[in-house]
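The structure appears below as structure tokens.
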Amino acid sequence: MLLSLENLLRATLLAHLKKTYDLEPAQLAVAQPPQAAMGDFACPICFELARTLRRAPAKIAEEIVAQIVLPSAFNRIEVAGGGYLNVFLRRDFLWQQMVTASRDAGLQVQFPGKVIVEHTNINPNKAAHIGHLRNAVLGDTFVRLLRHRGEQVEVQNYIDNTGVQVADVVVGFEHLEPMPPAALAADIAALQRLRAEAIKAGHLSPPPHCVALAPEAPPRPTFSFDYRCWDLYARVSQTFEQRPESLAWRSSTLQAIEAGPDAPGTAGTTAQLGELVGTAVVHAHLATMQRINVRYDLLPRESEILHLHFWDTAFQLLKKSAAIRLESSGKNAGCWVMDKAGSGVEIETEPEAGDAKVIVRSNGTVTYVGKDIAYQLWKLGLLGREFQYQPFSTYPDGHTVWTTASTAASGAVPAPAFGKASAVFNVIDARQNYLQEVVVAGLRALGFDQAAEHSVHFSYEMVALTPRCAQELGYTLSTADAKRPYVQVSGRRGFGVKADDLLDRLIMNAWQQVAQRQPELAVAEQLDLGITIAVGALRYFLLKFTKSTVIAFDFAEALSFEGETGPYVQYAAVRAANILRKQSGELTAGNPASLLEDIALWELVRLAARLDAAVETAIISREPAHLARYAFQLAQEFNNFYHHHPVLTEANLERRATLLQLVAIVERQLNTALGLLGIGVPRAM
RNA sequence: GCGCCCGUAGCUCAGCUGGAUAGAGCAUCUGGCUUCGAACCAGAGGGUCGGGAGUUCGAAUCUCUCCGGGCGCACCA
């Protein structure tokens with residue numbers, strides 16, 4: 001509500017300035033006064049006008065206040081602080097709006113057609129770790145924000161199934177733990193069966209993933225193929241380090257995987273292993289992400305980018321527009337390169353060898369940047385080629401995740417129309433800033449300036465570990481590392497916190513606390529509540545930091561359920577729900593006028609009305625942390641209210657009715673905010 | 001060497017397009033459960049916003065510079 005009221009105020013002021021002074025300022029800042037008693041909006045425009053009008057700010061402000069006619073939503077306008085225009089809302093007006101409507105009309109669709117958000121993008125060769133969780137939670141929350149605004153959003157999770165990382169694990173299954181495809185397939189099936197049985201037997205938390213919650217239950221790795229790959233990948237990397245000659249395995253494996261299982265002249269077993277590994281790990285990742293309420297629509301695979309000649313098409317385009325050139329000499333001889341100067345960033349610099357980025361290697365294979373340019377073009381509907389699709393898996397509610405394929409599905413259900421978005425957001429960590437710049441420069445070089453404009457790198461900083469946390473996990477650090485503020489995780493070294501391990505610990509923790517507080521509940525019920533709380537804690541923890549902050553992960557902090565945490569916000573929502581559940585009779589209108597004279601109550605109403613403004617800010621700044629902070633703030637003010645205003649025991653019935661209405665308003669806004677953060681509200685806690 | 005990011009309370013971090021007295025959480029100390037659940041609330045102490053210069057009526061916020069820390073700069077993704 002405050003969003004549209006702020007827009008209304010801004011429009012009114014602008015119209016007045018135009019009419020009275022013939023001024024049209026490009027920006028008109030509207031802020032909140034430091035104290036609620038000073039008003040609901042504050043506009044410092046008169047300080048700026050002082051120069052052009054050559055009069056004191058306070059004088060201008062007085063004149064405006066005397067002349068301007070405000071819409072009925074506003075109570076009055078006054079001069080304050082030497083020239084601010086402070087505007088007061090009609091309190092009963094906002095109250096009525098909050099009672100009747102749940103949505104702010106100021107929140108409007110900005111992208112025509114469809115928006116694509118690409119996130120998660122984990123190499124399908126090992127279990128997900130906390131860094132991947134940050135990516136997925138940021139991306140998923142941004143998707144929720146966009147959808148809340150009314151945007152049509154398609155969620156894509158890019159699968160690099162033909163890269164070095166998968167090849168390395170396949171090397172493991174070929175040379176370190178030799179295994180023919182049939183045996184590996186049987187192993188994977190057996191793991192899936194074991195997992196299903198354990199879930200059935202009640203040893204594990206709800207499907208689809210497994211959590212060894214009971215102490216006597218077998219440990220997770222028994223069930224998880226992605227865990228097995230985690231260890232094997234580290235072993236292979238170690239082997240490469242110790243015996244460099246074994247690196248030959250990697251290149252031959254990589255080539256076999258890129259060629260595919262049907263490549264002529266080969267048995268195709270290496271590629272089959274690659275597909276088995278990739279597919280099984282992606283299933284594991286989807287299960288992990290489903291535990292934290294993250295879902296997808298489409299899994300585009302790199303193998304199809306190659307086999308369906310997406311790259312060949314992009315290659316032709318790039319050559320035709322002279323965006324890339326064949327290097328004839330120097331260290332990049334034989335490669336197709338793109339000059340950095342082509343990005344327009346460094347036009348002045350001499351085109352030296354170091355300024356070029358290799359797009360096609362001298363052996364004819366394409367680099368990541370090349371493949372990503374092709375993929376970006378497709379997402380924006382500019383490539384002129386299409387994927388085929390097959391269903392990959394289905395969520396319990398029936399929503400199907402599709403994957404790209406070389407041949408179309410034979411089933412009755414046709415695939416949705418994927419791609420052709422008007423804007424694309426790529427959630428990729430900040431270490432890839434440079435590469436993402438090159439990709440966008442590629443779009444520009446092709447003449448797709450608008451597409452480049454609408455291809456946004458949603459960049460965020462990594463999750464590292466505090467030295468203490470690393471040592472807690474059993475890793476020995478060098479004395480230099482031990483003194484650093486944080487140390488990086490490394491999949492190659494098998495060094496990091498696995499996503500499912502962290503979730504298991506969080507759930508154990510939450511479950512224990514629920515069991516203490518709610519001993520009368522059935523264990524299954526306690527567990528269910530524990531899971532909701534654990535996921536709330538995790539998602540909030542990952543969202544409360546702004547994207548540019550490196551998260552130095554520490555168990556103590558992440559496992560906390562007190563203070564600025566997800567459970568704190570959930571607790572406020574549960575309290576509000578409890579009051580509403582225990583009150584009898586219907587919510588009546590009450591008489592808010594006298595109640596809202598209490599400035600503290602008015603502030604709570606006003607804050608509750610700011611939800612959609614917080615959403616809009618979060619979208620524009622691409623900063624979900626804004627909404628997380630807002631949710632916390634609302635919870636905080638509600639908890640304060642809770643302690644100072646007993647509702648159910650209020651003797652004055654009219655006052656009681658109004659208080660109840662207020663609780664209902666706050667509860668609705670808290671639930672919406674939590675939902676946008678991907679956090680559920682427990683029935684009790 | 002070049003590019004990007006960070007430096008705010010003892011610790012971890014907010015601070016939106018420059019605006020009024022720089023805010024949270026944790027930790028420390030104090031007080032509050034016969035109450036709609038204390039995973040809570042109230043109060044206290046704690047900051048020359050890394051240093052310096054500039055722009056401005058006004059700078060934690062913008063510009064420059066220096067110092068300190070991080071991440072990139074592959075025919076890996």
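It should be emphasised that the depicted structure is a prediction, and the values quoted were computed from it without experimental measurement. Residue numbers start from 1 in every chain, and the chains themselves are labelled A, B, ... in the order their sequence lines are given, proteins ahead of strands.
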Touch check for [X], heavy atoms < 4.0 angstrom, all strands: base, sugar-phosphate only, or nothing?
| X | answer |
| --- | --- |
| A:A58 | nothing |
| A:M462 | sugar-phosphate |
| A:A576 | nothing |
| A:N86 | base |
| A:A684 | base |
| A:V164 | sugar-phosphate |
| A:N433 | sugar-phosphate |
| A:T546 | sugar-phosphate |
| A:S621 | nothing |
| A:Q27 | base |
| A:V487 | nothing |

Between [M] and [N], how far apart are the [atom1] atoms? Round to whole Å, please.
| N | M | atom1 | answer |
| --- | --- | --- | --- |
| B:C57 | B:G52 | P | 23 Å |
| B:C13 | B:A59 | P | 28 Å |
| B:G19 | B:C62 | P | 10 Å |
| B:G25 | B:G18 | C1' | 27 Å |
| B:C26 | B:G68 | P | 35 Å |
| B:G70 | B:G50 | C1' | 15 Å |
| B:C16 | B:G23 | C1' | 14 Å |
| B:A20 | B:U61 | P | 13 Å |

Applying a 3.5 Å limit to both distances, which nucleotide forms a Watson-Crick or G-U wobble pair with [N]?
| N | value |
| --- | --- |
| B:G7 | B:C67 |
| B:A38 | none |
| B:A24 | B:U12 |
| B:C73 | B:G1 |

Nearest whole angstrom, please: distance from the [atom2] of [N] to the [atom1] of [X].
| X | N | atom1 | atom2 | answer |
| --- | --- | --- | --- | --- |
| A:L2 | B:C16 | CG | P | 19 Å |
| A:K547 | B:G70 | NZ | C1' | 18 Å |
| A:R517 | B:A39 | CZ | P | 4 Å |
| A:E623 | B:A14 | CD | P | 8 Å |
| A:H457 | B:G72 | NE2 | C1' | 12 Å |
| A:R250 | B:A74 | CZ | C1' | 13 Å |
| A:L435 | B:G72 | CG | C1' | 9 Å |
| A:D429 | B:C4 | CG | C1' | 13 Å |

Proximity to the side chain of [X] - top-ranked nucleotide from [options]:
| X | options | result |
| --- | --- | --- |
| A:H644 | B:A20, B:C13, B:C41 | B:C41 |
| A:E461 | B:C5, B:A14, B:C75 | B:C5 |
| A:P485 | B:A20, B:G32, B:G69 | B:G69 |
| A:T549 | B:A14, B:G72, B:C36 | B:A14 |
| A:Y568 | B:C40, B:C4, B:C71 | B:C40 |
| A:Y642 | B:G19, B:C36, B:C71 | B:C36 |
| A:V514 | B:A77, B:G25, B:A39 | B:A39 |
| A:E564 | B:A24, B:G19, B:U21 | B:A24 |
| A:K357 | B:U12, B:G70, B:A74 | B:A74 |
| A:Q636 | B:A20, B:A77, B:C41 | B:C41 |

Looking only at side-chain N and O atoms, does [X] come under 4.0 Å of OP1 or OP2 in [N]?
| X | N | value |
| --- | --- | --- |
| A:R431 | B:G3 | no |
| A:N640 | B:C41 | no |
| A:R575 | B:C40 | no |
| A:S560 | B:G25 | no |
| A:Q583 | B:C36 | no |

Are [X] and [Y] linked by a side-chain donor-acceptor pair shorter than 3.5 Å?
| X | Y | answer |
| --- | --- | --- |
| A:E461 | A:T549 | no |
| A:E118 | A:N121 | yes |
| A:D554 | A:T466 | yes |

- Task: Could you check whether A:Y434 and the base of B:G3 form a stacked pair, meaning centres closer than 5.5 Å and planes differing by less than 30°?
- Result: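 Whether judged by distance or by angle, A:Y434 falls short somewhere, so it does not stack on the base of B:G3.
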- Query: Looking at the rings of A:Y540 and A:Y568, which for Trp means the six-membered one, are their centres under 6.0 Å apart?
  - Reply: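 Centroid separation for A:Y540 and A:Y568: 6.0 Å or greater.
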- Message: Determine whether the aromatic ring centres of residues A:W336 and A:F315 are separated by less than 6.0 angstrom.
- Response: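 A:F315 vs A:W336: aromatic centres under 6.0 Å.
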- Would you say the side-chain atoms of A:E650 pair up with the backbone N or O of A:N652, donor to acceptor, closer than 3.5 Å?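 Yes, the answer is positive, given that a donor and an acceptor are paired below the 3.5 Å cut-off.
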- Drop me the distance from A:Q32's CD to A:L2's CG, to the nearest 0.5 angstrom. 7.5 Å
- Message: Looking at A:E616 and A:R149, is there a salt bridge between them, counting it only when a charged N and a carboxylate O are closer than 4.0 Å?
- Response: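 Answer for the salt bridge query: yes.
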- Query: Does A:D339 pair with A:R325 as a salt bridge, N-O distance under 4.0 Å?
  - Reply: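 Here A:D339 pairs with A:R325 in a salt bridge, since their nearest N and O are under 4.0 Å apart.
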- Query: Cation over ring, A:R622 on A:F458, under 6.0 Å and within 45°?
  - Reply: no
- Taking for A:K371 and for A:K582 the nucleotide of RNA chain B with the nearest heavy atom, the one nearer the 5' end belongs to A:K582
- Hey, which of these two, A:R10 or A:V358, hits RNA chain B nearer its 5' end, going by closest nucleotide? A:R10
